Amino acid sequence: MARVTFREERCKGCELCTLVCPKGLITMSEHINSMGFHPATITDMDKCNGCALCARMCPDLVIEVERDEKKVV
Amino acid sequence: MARVTFREERCKGCELCTLVCPKGLITMSEHINSMGFHPATITDMDKCNGCALCARMCPDLVIEVERDEKKVV
Amino acid sequence: MKKVFTRPESFNDIPMHYCPGCTHGIIHRLVAETIDELNMVDRAIGVAPVGCSVFIYNYIDCDMYQASHGRAPAVATGVKRVVPDGVVFTYQGDGDMAAIGTAEIVHAAARGENITVIFVNNAVYAMTGGQMAPTTLMGQKTTTTPHGRESDANGYPVKMAEMLSTLDGSSYISRVSVHDPKNINKAKKSIKKAFEVQMENKGFTMVEVLSICPTNWGLSPKESVKWLDENMIPYYPLGEYKVPAEV
Amino acid sequence: MKKVFTRPESFNDIPMHYCPGCTHGIIHRLVAETIDELNMVDRAIGVAPVGCSVFIYNYIDCDMYQASHGRAPAVATGVKRVVPDGVVFTYQGDGDMAAIGTAEIVHAAARGENITVIFVNNAVYAMTGGQMAPTTLMGQKTTTTPHGRESDANGYPVKMAEMLSTLDGSSYISRVSVHDPKNINKAKKSIKKAFEVQMENKGFTMVEVLSICPTNWGLSPKESVKWLDENMIPYYPLGEYKVPAEV
Amino acid sequence: MRKKLSKVLMKGNEAIGEGAVRAGCRYFFGYPITPQSELPHYLAKRLPEENGVYLQSESETSAINMVYGAAGAGSRVMTSSSGPGISLMQEGISYIAGAELPCVIVNMMRGGPGLGNIAPAQSDYLQAVKGGGHGDYFVVCIAPASVQEIIDFMYDAFDIADKYFTPVMVLADGILGQMMEPVEFKENQEMELPEKPWAANGKRGRESKNIINSLYIVPEDLEEHNFKLKDKYSIIEEKEQRWEEYYTEDAELVLTAFGTSARVCKAVVDKARQEGLAVGLIRPIMVWPFPQKAFDKVIHSAKQFLTVEMNTGQMVEDVKLAVAGRRPVYFTGRPGGMLPIANDIFEEVKKLMSGGAE
Amino acid sequence: MRKKLSKVLMKGNEAIGEGAVRAGCRYFFGYPITPQSELPHYLAKRLPEENGVYLQSESETSAINMVYGAAGAGSRVMTSSSGPGISLMQEGISYIAGAELPCVIVNMMRGGPGLGNIAPAQSDYLQAVKGGGHGDYFVVCIAPASVQEIIDFMYDAFDIADKYFTPVMVLADGILGQMMEPVEFKENQEMELPEKPWAANGKRGRESKNIINSLYIVPEDLEEHNFKLKDKYSIIEEKEQRWEEYYTEDAELVLTAFGTSARVCKAVVDKARQEGLAVGLIRPIMVWPFPQKAFDKVIHSAKQFLTVEMNTGQMVEDVKLAVAGRRPVYFTGRPGGMLPIANDIFEEVKKLMSGGAE
Amino acid sequence: MFQGILIAGFGGQGVLSTGQLLAYAGMLEDKHVAWIPSYGPEMRGGTANCGVTISDIPISSPVVTEPTVLIAMNRPSLEKFEPKIVQDGIALINSSLVDTEVQRDDIKSVYINANELAEEIGNSKIANNIILGALVEMTGVVSGESVVESLKKVLPPKRHNLIDINREALEKGKKLAEEARVKTAM
Amino acid sequence: MFQGILIAGFGGQGVLSTGQLLAYAGMLEDKHVAWIPSYGPEMRGGTANCGVTISDIPISSPVVTEPTVLIAMNRPSLEKFEPKIVQDGIALINSSLVDTEVQRDDIKSVYINANELAEEIGNSKIANNIILGALVEMTGVVSGESVVESLKKVLPPKRHNLIDINREALEKGKKLAEEARVKTAM
Ligand SMILES: Cc1ncc(C[n+]2csc(CCOP(=O)(O)OP(=O)(O)O)c2C)c(N)n1
Ligand SMILES: Cc1ncc(C[n+]2csc(CCOP(=O)(O)OP(=O)(O)O)c2C)c(N)n1
Ligand code: SF4
Ligand code: SF4
Ligand code: SF4
Ligand code: SF4
């Protein structure tokens, strides 16, 4: 079990995270944030395996990832 | 037959020419020139083969070398 | 649940001024992660360049200098000579380091100055509006090469990692990229190694990091990472160019 | 009888200001001989450095510039861009070119600027009183390395020929010496080749010439040529480092 | 050349570029810096159209030395930068002045000292007019105040450079570079550029070689050279003072300002005149040579002077020197990229005119 | 430390080195140039004896930036050069002033402009005191006139730098560097160097990090910083004026000169007094801040001023500003490495005193 | 006639080019015009603004420190510049990105949710021109035709296909201004 | 007592160190002294000169523009500086390298073929000190003992073996000056 959280107001809508999620879980929201960007969001949290590739790719530290202890490799 | 001429007033007495003359013909004069240096001179012009190594080595173009036409290689 | 990814401790929690997708942010983070892991935030002293990354002094939580354009290696030298047990690094762009700062970087390397240089190569002068950099690729269009870089007028791109490797004073030199997570991991390892070599007083260390500039490349961030992969890496091969004997 | 050695036509008949035995004089002469042989005194434009050889502008009978310290390659670039059919050369010492002028020489080479650089490496700053140069050998005593050059304080000598050869814009790069007639002949050939490559617009050319400085080495001229042979050549190997395809 | 347009909306930076090209400049060497980047962008496109050369140097130090080479070779040549970059050129400018070469240097001023910021300022006045480099020399220094003036003055800049064998600086605050105004171009005459027999561009049959040089190793020779330069500067000081007078005939309070500050001051004068206050403006167009004559001319009616600058007080020294203690000279300024505000200056003016100063 | 010597014959350049070491300076970064080379030679030997660092940089540009780093790290640090090299440092000096770092910069002046020559001159006065770099800033500027003064003033230079967070320049003509005079050293007290909690030398438990910086991207912030600097400069101008008066009490003609020119002028004053002429000398010891107070003090008796410099007229502007039109100010100078000759000046003095000027 | 117009927002919102368009239109009508930009160090996302002066007589000072009209494209711009507007001046607010209201009551304020309207019309990039349409309607500083004419000069030929949609945006703004009935007499 | 002494010659002739020796001797006698060198860009062979001021009272100007004594070690030096010597001043000429004569008759001139004499004594490097010996004898500006004392301070210990030969040179110069009977009263 894993959880990704997006700090929406920091997202600049660059879409790099969408590029690297191996499961294609991340999409851009319809709405805009206070900076005028469409922020990234995760569609199906259940499918997330907590690989954190999205977070590592995000230049703006928008994404935090948590994962079940046992799954840690 | 060859002739070396030293332009004495230009000689700085560095002795580099003496180092390279294959026949050891060049020595330094006793007297000093107007710049206060002991100028180089040739002891035995007859032995000179006009190789011009001294002239090529001299940093101050003190030496001119002439040689019999026929000896030109 | 356990956090598997979160902000490094030595990375201040403030928004960064970079354009959307700009990988300067990733590279900053890798430096901060290294500072955390080597437990050296108290000894680390950073020198910021003039360029888009000038404000790195606000983002990383160690003592910092803002250096004049290109002179970060000289500033770092001054610092390191006064604080020999400090872990001193510069962070410089390709205009800053490979153009105006050429003499300073060459001689910091020649002196074997015990500093670490993070050299961000994005193939343009970004902050000033996308002019040609020494690292701009042949044919690349910039605001000062409107028809693409041509060798007659502008010569050839400079390969800093290769050039600095010829100097006896340089100790660890590598080139990495941050255009995908795999390369980000490698970049991280290399940056860490560079700092470790510095901490063992083995001489000058530099990591060249290929980075994107969507704004001045006129591409989206997604297109940019692809462009980097397809165009920059062939000209700027990744890898370790110089490694000290026993590291 | 026929003159087998006399002053080159393009070499002015005035006494030179150099110290006894200083090989700057020989190198000047080789440049003048080349100008004569390539019949280009009317197209040749020289740029003098700041250093002992600053007065070369008085000695060689072509148009000349006196450049600010280290910037001769930039001055030469300005000239060459305005006078593309000129044969433009700089004459620079190791302080001038390998220290303060590092950025200028690297980027003239990177640009593939069609100029010829005669780089006189005498392992010291001579004109200012024998201070350490970037090219000073390890252990060599100078007025600013009273106990000999040490790597901790001063790093390692810079090998310019090797470094500039890594740049794509450089075309012909060699290192020669003038400490005996055999090497003088080779030096002459190399200088001539460099000019020829320039005249064919093949890019940046440089000949590094090892030279003696008896005054600041504290040796007689005779001892100096020996010292060069035994100490400099092992560290600075002679030879052609880069040659364009069909020359 | 491009076809003549009746009126074009143009950025100041681009106007410098176009003005230079029209004045016969075919060579530009420079290094990017805000707020002048549009100038290199413009010339990178424009110069090749005229078979000219745009070359981006590796630094400002290098740029000014390329200019030295290109000027020595006889071309009309220009470089451009802002504060930090201009500082890096000081050695080179000193060499150019010493070797008496003509060229044009643009300083699009920003906030300082140090990295400062990229906002418009007039912080480099003293550097420009007092000789920021070493040695006894001056640089002719033109300060335009509108985009149209930029176009017009570029001709003068190159002509004066050639006439007096001297570097000419175009000293503008960043606003001028960034702003757009409509400009008109003169009919494009064929330029007659002066012959330069002294240029070192290859002997090509010339009797004797040409040498471009600033080294005079014998003190007697350098002294002679210094005095020769000084004489030249005296002639320039006599002949090339230039200024604009704006309602000065009867002005009791004379504002002095250049560039954008002067534009703001004009608004102040307008306002003052509307309210019946005898306020005028001397706007130096040349800041070196400084328009001493303008001050001598107004001194009969002027009771006091107020200098307005975008800095903490630099030109005010020259105003004091020009006024030479005859009247009080006051100063007000906004440094750091801030702009003087017409209303604030007007308040200051009213205070001064009611005798309330200091 | 070396054992105390009662009197030592020392070159000025070496005295700068020894004076600096005694003032607690442990770091020197510099690039060779005539006529100051004996200073690096001396320190290359001397600093390692004190566990200090002598580092020869690849250029003056680099040297001043190393100074920036070392000063920011809290050390007492110095660099040194002459004309061309000082020009190359202007950007760096502006950064140091902007970041408010203390350091000492020596300019051993030679002939200019350009490469000029290596003979002694006072050709960089305006550059030194008017801000040769970009932006609104000043550099405190001390002008010694003897080798003993060099030793004494080095303490002051470093103290003032630390006290006001400012670069201090030692402005000397080449003669001072080259000449030898006997000097006495003060007893070697243990120096108490000031704490520098602002230094960026690693946090080491400090609550918050230190940043050395001159960038203020928001114009409002830079304006505030500029005004803060201006306030500091006003305090320095008020508190740190320094000069020597030589027979000025009743002087009708007041000579003004600094450094070696002042030494020559003293001989002129001696001669004039011997002949009964009321001639005196104001010798600015600080040339920035300029000793305005000295001029206000002598204005009651002074009928005219004569400024003597080894250039074509630079400090004379500051004399004019100080005199502010109250009396005529004349100038005489020898540029290019030539020395003013006491007899010549004396002739000038006699002419002026008999009303024969200009 | 004298207008000093300040257009302020994020970098990348196109405030600078909108100002240029306006200045160009003024020039076409043979008015005196000046355009002055101001922006931060960020290439994207920072603040940016420009001042446009349009006048019947020569412009003394081209610097707009006291705007007669403010276009605020985001919240920080409104906060920063609202106090500087002249009495009886105009504030045009992009309410898509500004969720606060004007505090002063001595100026006229119009709120336009330009981003949403632009997307409705079919191109998010024309938000500025909706507001520009309102400005033209309210001030009469230039005619709507001149703005369209300028578009033709400013846009490169290959993008002339965008002219129609821009015209639509200007019309939309004009209509909104009429509706708001805050036309200034001038 | 005031002497402004100018010592001039080629670089490499040791004129600078001779001047230093003299200044040092003055300092040992607690006089006020100053030494100022001047040289060209050449490391060897160019012109070089130095001025030495020795005085009982503090030295106003240390610059020797009008020497009381000139030592001319080569011909250009004599030509350049002869006109500057004060009236009744002294010119000491190294006639080994100067083949011209002094033109002025308002100064005292002494010719010493110092190079030859030095080689006679056995070391060509002591030529200067022969002339220095004459100067000391003629002016009394310092005592001969002080000069020898200075030598001990100036020479590094390992070269103290040279002191004797230098003393001999000074003596030689003194004798020559006596012979020339041109001792100035002072
Ligand atoms: C002396 C000087 N010259 C020029 C500039 C202007 N300038 C600021 S950043 C920059 C280049 C930045 O390019 P780069 O180093 O590649 O960094 P990037 O912005 O691409 O990250 C330049 C030329 C300056 N501030 N100072
Ligand atoms: C900007 C500047 N810095 C320093 C100097 C002083 N300077 C003159 S020549 C020189 C070094 C010369 O050494 P090198 O280039 O090796 O030539 P060499 O004299 O050995 O032939 C220096 C540092 C100068 N003239 N200008
Ligand atoms: S953690 Fe991995 S799987 Fe989950 S959203 Fe991020 S990239 Fe996708
Ligand atoms: S990578 Fe970061 S900034 Fe970019 S879209 Fe994803 S969350 Fe947003
Ligand atoms: S301009 Fe380029 S390098 Fe600079 S912040 Fe934007 S994307 Fe990054
Ligand atoms: S100092 Fe050295 S390099 Fe210079 S002229 Fe003398 S021997 Fe030659």
Side-chain angles (χ1 to χ4, degrees), chain E residues 61 83-88 90-91 94-99 109 111-119 123-124 126-127 130-137 213-227 229-230 311-314 317 320-321 323-326 334-338, chain F residues 61 82-84 86-88 90-91 94-99 109 111-119 123-124 126-127 130-137 213-227 229-230 311-314 317 320-321 323-326 334-338:
Chain E
T61 311
I86 297 288
S87 288
L88 288 171
Q90 292 304 330
E91 189 206 24
S94 176
Y95 269 74
I96 291 173
M109 288 181 286
L115 189 48
N117 64 25
I118 55 173
S123 48
D124 307 339
L126 284 173
Q127 183 193 49
K130 302 294 176 194
H134 62 285
D136 274 298
Y137 75 91
N213 179 32
S214 68
L215 170 62
Y216 294 81
I217 198 69
V218 179
E220 281 81 357
D221 296 346
L222 182 55
E223 180 176 51
E224 190 186 321
H225 178 59
N226 283 142
F227 281 137
L229 288 178
K230 176 154 182 149
N311 58 42
T312 64
Q314 301 194 16
E317 281 204 1
K320 282 185 181 162
L321 282 167
V323 171
R326 292 175 284 181
R334 300 292 303 263
M338 298 300 289
Chain F
T61 310
S82 186
I86 298 288
S87 288
L88 288 172
Q90 291 304 331
E91 189 206 23
S94 176
Y95 269 74
I96 291 174
M109 288 180 286
L115 189 49
N117 65 23
I118 56 172
S123 48
D124 308 338
L126 284 173
Q127 181 192 51
K130 301 294 178 196
H134 62 285
D136 275 298
Y137 74 92
N213 180 33
S214 67
L215 170 61
Y216 295 81
I217 198 69
V218 179
E220 281 80 358
D221 296 346
L222 182 55
E223 179 175 53
E224 190 185 320
H225 178 59
N226 283 142
F227 282 137
L229 288 178
K230 174 151 185 157
N311 58 42
T312 63
Q314 301 196 14
E317 281 205 1
K320 282 184 182 162
L321 282 168
V323 171
R326 291 175 285 180
R334 300 291 304 263
M338 298 300 289

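Everything numeric here is computed off the predicted structure, so don't read it as measured data. A note on names: the letters A, B, ... follow the listed sequences, proteins ahead of strands, and every chain is numbered from 1.
Looking at Glu220(E), both its backbone and its side chain come within 4.5 Å of chain F, counting heavy atoms on both sides. For Ile86(E), no part lies near chain F; criterion is any non-hydrogen pair under 4.5 Å. Neither the backbone nor the side chain of Val323(E) comes within less than 4.5 Å of any heavy atom of chain F. Of the two parts of Lys130(E), the backbone and the side chain both hold a non-hydrogen atom closer than 4.5 Å to a non-hydrogen atom of chain F.
Considering only heavy-atom pairs separated by less than 4.5 Å from chain E, the leading option among Leu215(F), Asn213(F), Thr61(F) is Leu215(F). Put simply, of Ile96(E), Leu126(E), Leu229(E), the one with the most heavy-atom pairs under 4.5 Å next to chain F is Leu126(E). Your options are His225(F), Gln314(F), Arg326(F), and the one with the most heavy-atom pairs under 4.5 Å with chain E is Gln314(F). Counting heavy-atom pairs under 4.5 Å between each of Ser94(E), Gly98(E), Gly85(E) and chain F puts Ser94(E) at the top. Ranked by non-hydrogen atom pairs under 4.5 Å with chain F, the options Gly135(E), Gly112(E), Gly114(E) are led by Gly114(E). The greatest number of non-hydrogen atom pairs below 4.5 Å with chain E, out of Glu223(F), Met109(F), Lys230(F), is found for Glu223(F). Annotation: maximal heavy-atom pairing with chain E below 4.5 Å, among Ser87(F), Ala99(F), Gly325(F), occurs at Ser87(F). With respect to chain F, the highest number of heavy-atom pairs below 4.5 Å among Ala119(E), Pro84(E), Gly133(E), Gly337(E) belongs to Pro84(E).
Tyr95(F) is not listed as a side-chain neighbour of Pro113(E), based on a closest heavy-atom distance of 4.5 Å or more. The closest side-chain heavy-atom distance from Val218(E) to Asn117(F) is not below 4.5 Å.
For the residue pair Thr312(E) / Asp136(F), a side-chain donor-acceptor distance below 3.5 Å is found, with atom types taken as modelled.
Listed here is the closest heavy atom pair of Gln90(E) and Gly132(F): CG-O, 4.1 Å. The two residues Leu115(E) and Ser214(F) come nearest to each other via the heavy atoms N-OG, 2.8 Å.
With rounding to the nearest 0.5 Å, the separation of CZ in Arg334(F) from CZ in Phe227(E) is 6.5 Å.
Under a 3.5 Å cut-off, the side chain of Asn226(E) and the backbone N or O of Pro335(F) do not form any donor-acceptor pair.
By the side chain to side chain donor-acceptor pair (under 3.5 Å) test, Asn311(E) pairs with Glu309(E), sequence neighbours left out.
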